[in-house]
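Structure record follows, encoded as structure tokens.
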2 protein chains.
Amino acid sequence: MASTLEEVARIAGVSRASVSRVVNGKPGVAPHIVEAVTAAVAATGYVPNRAARTLVTGRTGTVLVVVSGADSSLRQWGLGEVLADPFFARVAGGLMGSLRPRNIDPVLMLAVSEPERERVVNYVREGNADGVLLVSAEASDPLPGMLTRAKIPVVLFSRPSEPAPISYVDVDNHEGAALAARHLVARGCRRLGIITGPVEVAGAEDRLEGFLAAARRLSMDDVATAAGTFSVDSGAHAMIQLLAQGVDGVFASNDNMAVGAILAAHEQGLEVPGDVAVVGYDDTIAALMCRPTVTTIRQPIEAIAAEMARLLLDVIDDPGMPARHEVLAPELIVRGSA
Amino acid sequence: MASTLEEVARIAGVSRASVSRVVNGKPGVAPHIVEAVTAAVAATGYVPNRAARTLVTGRTGTVLVVVSGADSSLRQWGLGEVLADPFFARVAGGLMGSLRPRNIDPVLMLAVSEPERERVVNYVREGNADGVLLVSAEASDPLPGMLTRAKIPVVLFSRPSEPAPISYVDVDNHEGAALAARHLVARGCRRLGIITGPVEVAGAEDRLEGFLAAARRLSMDDVATAAGTFSVDSGAHAMIQLLAQGVDGVFASNDNMAVGAILAAHEQGLEVPGDVAVVGYDDTIAALMCRPTVTTIRQPIEAIAAEMARLLLDVIDDPGMPARHEVLAPELIVRGSA
DNA sequence: CTGAAAGCGCTTACAG
DNA sequence: CTGAAAGCGCTTACAG
């Protein structure tokens, strides 16, 4: 069916080794051989067989992109729901996009249960991928540890819950939340509130701390807090609690909850940002699906993704490399809600 | 590093052939051999090398999931944006979820430019995947044709623009739009309007025709129409035009536009559904990110995905199989907006 | 600069 | 039921 190196060699009248060299762009091949091979490749429509190549080189040219978590919040979700979450969609898409130009193929997986985690480890142990790019949603997630123990090249999005010898790229959540606090105070808010994310998410805690610290520094010691779970509904519920405490400036730890908060404010007949200002986090599409549009903290997803890909490729090339970290800066995007 | 069949055979004291049989669960192996091999596998932590297996079997156990289009509307998007679109996220996720239980690995790709389309074809010609599950967003998309010409097993989501010997699974768009029309009329709307999708999307045209036909059958001959592009903003713009024509019941060809329509109505001081009722399409997360929540037409994505996977596996097993089609029924989901 | 040959790790007739 | 052997399609020392 598909033609092979052998066939191309025969037609070009050269050895298989020469065809291999030309096809892989190796230097030091006589021009007339390059020409003959090129012609034969064109004539046959030859495409190298990846399995054969992988078998001998030990490299797959594939990287696993996995969204993982412990068993709690993500558990009831399928990959469809996770992808449908605007934030994960941006991250997964960014990661996959950053791999393409480097000519490596991304395979996407979700791992929120033990069998799924084992599947991830197995997948690369079977030689299907050279390493993994991991977006771990929860601090208690065992996958990062499993991967490093299996000596699988891996780079995380977000710092691991406990210090570990793993390379990662992160955004300064502390600073992002501080940006939100300063913006709210600068526009005149007198009573701040925050809708937190799930405690088991490391970044969510950082946002809470960062917000409180920045508020304190601005002499706003009494910040109202309400817990959310990153969903639109949880944002609405939390907002009702905050409103009862008389807040006029709210920071929601992600955009979904900011949308929920705005909807809840409207339902109580309040204007946003007139009566209460709202700042979100992530700058996802959700921030634009709402009136007013949501002022939010943008994570430089594309830069993160590019950095993760670069790091992983380095680790794959040199598995003994010491772990490296990169922390990028978030950015305030001012829109209608604050 | 990783152990091989050879090593397991040596430890178990049997031939490589026997190890292979046990590992692959082939019948007719003596119990004591199964036992010895099982123990040796456990002791070594043996995992079969996929490249080697693929090389000899010709099967990869991988399927390509591609979202494609011609060069227009999707062109400026990266995979991140496409995944972030609630509809594609649901479809891609559903497809990937339906493959997992069948033990086949999905690789996700976006193909909206010529190089990307060629990459898709090449990917499977290189032997990286056994077939492709294609979500083609535009009727003029050349990819389905390219694939069948290359004799690559493929199953489409949505009927191809022109009759072609390709298997596909679709939802009855005509009927879905009719459900919307009947619901609007049943709740007392007197003047209907429709926000259409891009003409180059086959399904969008079916929805328009279905809506008009159903309306006509209910003696509503004069339906106002306005064009949209499936984005929130386009829905808002279209809504303004429809409102100027005095509509009190609007069918938006997807949820994003329904959200835009509702926002636009609110901005004109109108109540939804009191002054104007709105029905969306797709039942994506967008329908829940809005107050009122959006009454919409649900496509049974999970069933579609499962069906596509099943069909593709059949085609892969029997490439000569005649093309098959499956058309599933949509469902009306009544929420707050109509 | 080029080619003959070994070998990557498996599966599968084939013979016994 | 089991094993020896061939072969899948490549790449890469090695010798020339």
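Below, chains carry the letters A, B, ... as their sequence lines are ordered, and counting in each starts from 1.
Contact check for Asp141(A) versus Arg117(A): side-chain heavy atoms found under the 4.5 Å cut-off. With a 4.5 Å cut-off on side-chain heavy atoms, Met146(B) and Glu114(B) count as touching.
Residue contacts for Ala17(B): at a heavy-atom cut-off of 4.0 Å it reaches a base atom on one of the strands shown.
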Please list each protein N or O that sits under 3.5 Å from an N or O in nucleotides 7-9 of chain C, with the distance.
unit_1 : atom_1 : unit_2   : atom_2 : d
dG9(C) : N2     : Ala52(B) : O      : 3.3

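Straight-line distance from the CZ atom of Arg50(B) to the C1' atom of dC10(C): 13 Å, rounded to whole Å. As a whole-Å value, the separation of Lys26(B) NZ from dG3(D) P is 16 Å. Counting to the nearest Å, the P atom of dT12(D) and the CZ atom of Arg21(A) are 10 Å from each other. Atom-to-atom, CD of Glu126(B) to C1' of dC10(D) comes out at 13 Å; the value is rounded to the nearest Å. A straight line from CD of Glu6(B) to C1' of dT11(C) spans 14 Å, rounded to a whole angstrom. What separates CD of Glu7(A) from C1' of dC10(D) is a distance of 15 Å, to the nearest Å. Taking atom CZ of Arg59(B) as the reference point, atom P of dT12(C) lies 11 Å away to the nearest angstrom.
Taking CZ of Arg324(A) as the reference point, atom OH of Tyr168(A) lies at 13.5 Å (rounded to 0.5 Å).
In this model, the phosphate group of dT2(C) is not approached by any side-chain N or O of Ser15(A) to a distance below 4.0 Å at OP1 or OP2. Side-chain nitrogen and oxygen atoms of Ser18(B) include none within less than 4.0 Å of the OP1 or OP2 phosphate oxygen of dT2(D).
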Could you write out DNA chain C as a dot-bracket string, with dots for unpaired bases, | for bases paired across to another strand, and Watson-Crick or G-U pairs counted at under 3.5 Å? |||.||||||||.|||
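Checking dG3(C), dT2(C), dT12(D) against the side-chain heavy atoms of Val29(A) singles out dT2(C) as nearest.
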